[in-house]
Structure formats: structure tokens, C-alpha cells
Amino acid sequence: MKLFNFFKAKKLPEATVETKEIASGIKAGLALGSGGTKGFAHIGVLKAFEDEGIRFDYVAGTSAGSIVGALYSFGFSSNDILEKTANITIKDVKNGTLIFMPSSAKPIEEVLNEIMGDVTFEQSMVPFACIATDLVKAEEVVFKSGSIARAVSASCAVPPFYRPVVWGEMHLIDGAFVNPIPAKTVRDMGADIVISVEVNSSRGVGTESLGIIDVYRAATRIATRLTAESGFKNSDIVIKPDMDSFTSYNMKGANEMIKRGYEETYAHMESIKRLLKIPNPSIMHKQGVPEIQFNPQKKKKKSAINAIEAK
């Protein structure tokens with residue numbers, strides 16, 4: 001697989017505004033939900049918090065949210081995340097050329113190692129957790145230690161696009177089947193206030209189609225609507241941008257997704273600041289969203305996250 005020399009972790013850039021003083025004793029947590037390519041909205045959410053100088057004490061992610069959460073936990077800014085991920089292609093993260101043929105999730109792990117280095121949860125700047133589903137015991141697995149790249153690849157291993165990640169006695173697939181919005185995970189980590197991001201607004205939507213892929217997607221959406229309830233119940237605020245006009249397997253409209261994540265976060269910003277007891281919560285510092293600048297040589301290729309179907 002092609003190596004990208006610029007895919008190296010770096011220290012958190014200096015904040016563009018002074019970090020806000022969160023009231024003493026309040027621990028803030030961020031839960032980033034699943035959603036395939038709709039996960040680009042997470043980047044807009046992070047940019048809004050960057051503009052306001054708000055940083056989180058804990059972060060957890062599922063599937064696409066685990067990718068963004070992992071990078072955030074190691075100090076990558078919203079611009080960094082765009083720079084590192086926008087032009088990765090399907091060939092970088094999936095074996096073979098047929099998208100619906102099952103692939104090993106190993107390429108996801110390798111790309112993340114190229115971006116971040118071979119790092120562990122214990123090395124993160126912000127405590128981080130990600131969610132996978134164990135097929136053997138039919139239960140949720142919360143990763144907080146060991147290889148971040150491997151854990152994230154398991155969190156993203158959605159069937160039928162990927163084969164399960166075999167880890168010891170576990171057979172791991174996409175975490176969205178058990179916990180698509182990991183708010184309880186963040187609260188269990190120690191957060192007093194939990195802000196969650198739900199980017200899959202189609203969760204629970206059915207279909208009239210009898211096509212096997214349409215049936216599979218609808219069944220998954222219906223199932224994860226129920227598992228998402230825990231996420232809503234354990235959140236103090238849920239940021240839910242309108243993503244109905246986007247698919248979970250195509251990068252088309254990525255810049256608009258980022259913008260919607262950004263604007264929806266600002267729609268809740270004053271309430272978030274009040275919960276965190278930040279002084280002068282109505283004063284905002286909006287600076288605008290970053291935009292993806294595609295590499296012309298890769299512009300026509302499919303997105304890496306196209307293979308990560310939303311849950």
C-alpha cells in the first residue's frame with residue numbers, strides 16, 4: 001500500500017482563541033457517533049469548539065466517529081484531520097476492487113498507523129475510547145487500551161464490506177450495532193457533562209425496495225435506532241445536524257456536511273457554555289469552517305470512508 005510521508009502525528013496547534021475557563025470540577029466529554037461519510041460533519045463540530053476555545057476531558061467514538069475521535073485525542077485540529085483524510089481513497093483502506101466483496105480491515109489499521117504512528121490509547125493527550133461489537137459473545141466491546149489503529153479498524157469493520165477483526169477470542173465488527181452514540185461510555189469515563197454528535201439522521205428509516213443491499217441497509221438503520229436510545233438518554237446535549245440530503249457512502253457534499261456540523265454546534269453553543277459554566281456564554285467567536293481541497297490526481301477516486309457504511 002502506498003505510504004504517505006505527510007501522514008505523521010503532530011502536536012496540537014496553538015488555539016486560535018484563548019481556551020475558555022470551564023468551571024472548576026466540571027469534566028466535559030464528547031461522544032462522536034457513527035454515520036459513514038456523514039462523519040465529515042464531526043469535523044465541523046470540532047471546528048466550532050476550537051473557535052470557542054473549548055476542549056474536552058474525555059472523548060469516545062463509534063465507527064466513523066472513532067476515526068475523528070482518535071485523531072482529536074492525539075491533538076489533531078479540524079484542519080489537520082481534513083489534510084490527513086480528504087484524499088485517502090477506497091484502495092487505501094480496502095483490499096480488492098469490488099466494494100461489496102468482503103475485505104480485511106487491516107488496511108484501515110495501516111493507514112491510521114501511517115497518520116498517527118503505532119500509538120496506544122495510553123499515549124493519547126485526551127482519554128479516548130472506541131466501540132466495537134463482538135460477534136462471539138454478542139456484546140459491546142469498549143477499547144481503552146492497546147493499539148488505537150487496530151481498535152478503530154474493528155470499530156469500522158462493517159459487514160459485508162469488511163470481514164470481522166479477529167482479536168484473541170473476539171470476532172469484532174462495527175460498533176454501531178451495539179452503541180452508535182457512545183455517550184454512556186464517555187460518562188463512565190468520568191464526564192459530568194456529555195455532548196454527543198449524531199450525524200446519521202436517517203437512523204430508523206425503512207425502505208420499499210426488495211433489493212438485498214437496500215434491505216440490509218434499512219434493517220441496520222432500524223436496529224441502530226433502538227441501540228441509539230442509550231446515547232440520547234446519556235447525553236446532556238445532542239448535536240444533530242440535518243444530513244438527510246447526504247449518503248453515508250459517498251463524499252459528495254463533504255464541505256456542506258462540515259458546514260452543517262459547524263452551524264448546528266453553534267445553534268447549541270450558548271447552552272453548552274452554560275452547562276460548562278463558562279463566563280459570558282452568549283459571546284461567540286465564529287471564524288468559519290475549513291474546506292476540503294482535493295488532490296487533483298485523486299479527485300475522481302472514491303472516498304476511503306465510502307466503504308464504512310453508516311449505522
Side-chain angles (χ1 to χ4, degrees), residues 1 7 31-43 59-74 76 81 84-86 88-96 99-116 119 121 128-135 140-144 146-167 170-182 185 197 199-200 203 216-217 220-221 224 227-228 247-251 302-311:
M1 183 174 68
F7 279 178
L32 300 175
S34 62
T37 46
K38 294 180 182 181
F40 275 102
H42 289 316
I43 299 174
V59 62
T62 299
S63 197
S66 72
I67 297 174
V68 178
L71 294 172
Y72 176 85
S73 75
F74 272 80
F76 286 79
I81 295 171
K84 306 304 183 187
T85 63
I88 300 174
T89 71
I90 187 66
K91 291 182 179 180
D92 295 320
V93 295
K94 190 175 186 298
N95 298 134
I99 190 168
F100 294 116
M101 290 296 292
S103 164
S104 167
K106 188 68 174 179
I108 300 176
E109 179 182 348
E110 292 172 344
V111 166
L112 287 169
N113 275 329
E114 289 170 3
I115 295 173
M116 304 174 68
V119 295
F121 286 83
F128 170 63
C130 73
I131 312 301
T133 303
D134 180 16
L135 288 176
E140 175 183 355
V141 177
V142 179
F143 284 102
K144 298 180 184 176
S147 167
I148 280 189
R150 192 173 186 199
V152 170
S153 73
S155 184
C156 295
V158 55
F161 304 105
Y162 290 100
R163 295 190 294 273
V165 173
V166 177
W167 195 327
M170 298 183 294
H171 296 174
L172 302 169
I173 62 171
D174 195 299
F177 290 100
V178 288
N179 191 356
I181 305 171
T185 303
V197 187
V199 297
N200 191 0
R203 211 180 297 281
Y216 169 78
R217 288 175 178 167
T220 302
R221 291 193 299 264
T224 59
T227 55
T247 69
S248 57
Y249 50 87
N250 194 304
M251 273 184 66
K302 294 181 179 179
S303 160
I305 313 177
N306 287 2
I308 305 171
E309 173 61 13
K311 299 297 167 304

Euclidean distance, [Y] [atom2] relative to [X] [atom1], rounded to 0.5 Å:
| X | Y | atom1 | atom2 | value |
| --- | --- | --- | --- | --- |
| Leu135 | Phe177 | CG | CZ | 8.5 Å |
| Leu71 | Thr85 | CG | OG1 | 7.5 Å |
| His42 | Leu32 | NE2 | CG | 5.0 Å |
| Lys38 | Asn200 | NZ | CG | 5.0 Å |
| Cys156 | Tyr162 | SG | OH | 8.0 Å |
| Phe74 | Phe128 | CZ | CZ | 9.0 Å |

Can you check whether [Y]'s main-chain N or O pairs, donor with acceptor, with [X]'s side chain at less than 3.5 Å?
| X | Y | value |
| --- | --- | --- |
| Ser104 | Lys106 | yes |
| Ser155 | Ser63 | yes |
| Asp134 | His171 | yes |

- Message: Using side chain to side chain contact (heavy atoms under 4.5 Å, CB included), reason through Val141 and Ile131 one step at a time and then give a plain yes or no.
- Response: CA-CA 6 Å; Val141 177; Ile131 312 301; over 6 Å; no
- Using the side chain to side chain contact (heavy atoms under 4.5 Å, CB included) rule, take Phe40 and Val199 through it: C-alpha gap first, then chi angles, then the decisive distance, then the call. CA-CA 9 Å; Phe40 275 102; Val199 297; over 6 Å; no
What are the two closest heavy atoms between [X] and [Y], and how far apart are they?
| X | Y | answer |
| --- | --- | --- |
| Val59 | Ser73 | CG1-CB, 4.0 Å |
| Glu109 | Ser153 | N-CB, 3.9 Å |
| Val178 | Ala132 | CG2-O, 3.8 Å |
| Val152 | Ala70 | CG2-CB, 4.1 Å |
| Gly36 | Ala64 | O-CB, 3.4 Å |
| Ala176 | Thr227 | O-OG1, 3.7 Å |

- Start with the C-alpha gap between Ile148 and Leu112, add the side-chain angles, then the distance that decides, and say whether side chain to side chain contact (heavy atoms under 4.5 Å, CB included) holds. CA-CA 8 Å; Ile148 280 189; Leu112 287 169; 6.0 Å; no
- Message: Assess the residue pair Thr133 and Glu140 against the criterion (side chain to side chain contact (heavy atoms under 4.5 Å, CB included)); give the C-alpha distance rounded to whole Å, side-chain angles, the decisive distance to 0.1 Å, and a yes or no.
- Response: CA-CA 5 Å; Thr133 303; Glu140 175 183 355; over 6 Å; no
- Going by atom types only, do Thr62 and Asn179 share a side-chain donor-acceptor pair under 3.5 Å? no
- Query: Taking only residues two or more places apart in sequence or in another chain, which ones pass side chain to side chain contact (heavy atoms under 4.5 Å, CB included) with Ala151?
  - Reply: Phe121, Cys130, Phe143, Trp167
